[in-house]
Amino acid sequence: RLWSRYHTPRNLVLALLGELGELAELFQWKGDGGGGGGEQQPQLSLEELDHVGQELADVTIYLLRLSDVCGVDIGAKAAASTI
């Protein structure tokens with residue numbers, strides 16, 4: 001189908017944002033899991049965890065495609081990054 005003609009940086013960023021929105025929606029009303037200052041994670045069912053994994057995969061695919069189209073070595077940039 002020649003999808004590559006639609007894989008412009010702009011289109012890929014917009015698709016990436018859409019997928020991030022879908023991922024964010026899974027956590028939107030979960031809360032932070034606690035109130036004592038500890039970093040507790042919300043409890044997810046196996047079905048929810050599977051859905052999170054699917055959305056993370058979609059985000060990763062778009063991010064990798066964007067880096068490829070832009071000519072950015074994302075692996076090297078991630079290795080050089082200090083978080």
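Quick note: residue numbers are just sequence positions, from 1.
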Under 3.5 Å, which donor-acceptor pairs link side chains of residues 8-19 to any protein atom two or more places apart or in another chain?
| from | atom 1 | to | atom 2 | distance (Å) |
| --- | --- | --- | --- | --- |
| T8 | OG1 | N11 | N | 3.2 |
| T8 | OG1 | N11 | ND2 | 3.3 |
| N11 | ND2 | Y6 | O | 3.0 |

Under 3.5 Å, sequence neighbours excluded: what are the donor-acceptor pairs made by side chains of residues 55-66?
| from | atom 1 | to | atom 2 | distance (Å) |
| --- | --- | --- | --- | --- |
| E55 | OE2 | H51 | NE2 | 3.3 |
| T60 | OG1 | L56 | O | 2.8 |
| R65 | NE | H7 | ND1 | 2.9 |
| R65 | NH1 | D68 | OD2 | 2.9 |

As a quick check of understanding, evaluate side-chain contact (heavy atoms from CB on, under 4.5 Å) for K77 and D73, giving each step before the final call.
CA-CA 6 Å; K77 293 293 182 183; D73 183 347; 5.6 Å; no
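Nearest heavy atom pair, residue L26 against residue K30, reads O-CG, 3.7 Å.
Applying the side chain to side chain donor-acceptor pair (under 3.5 Å) rule to E25 yields no partners; only residues at least two apart in sequence or on another chain are considered.
Using a 4.5 Å cut-off between side-chain heavy atoms of Ile, Leu, Val, Met, Phe, Trp and Tyr, with links allowed through other members, I74 and L20 fall into the same hydrophobic cluster.
Heavy atoms from other residues, nucleotides or ligands lying under 6.0 Å from CD of Q28 number more than 12.
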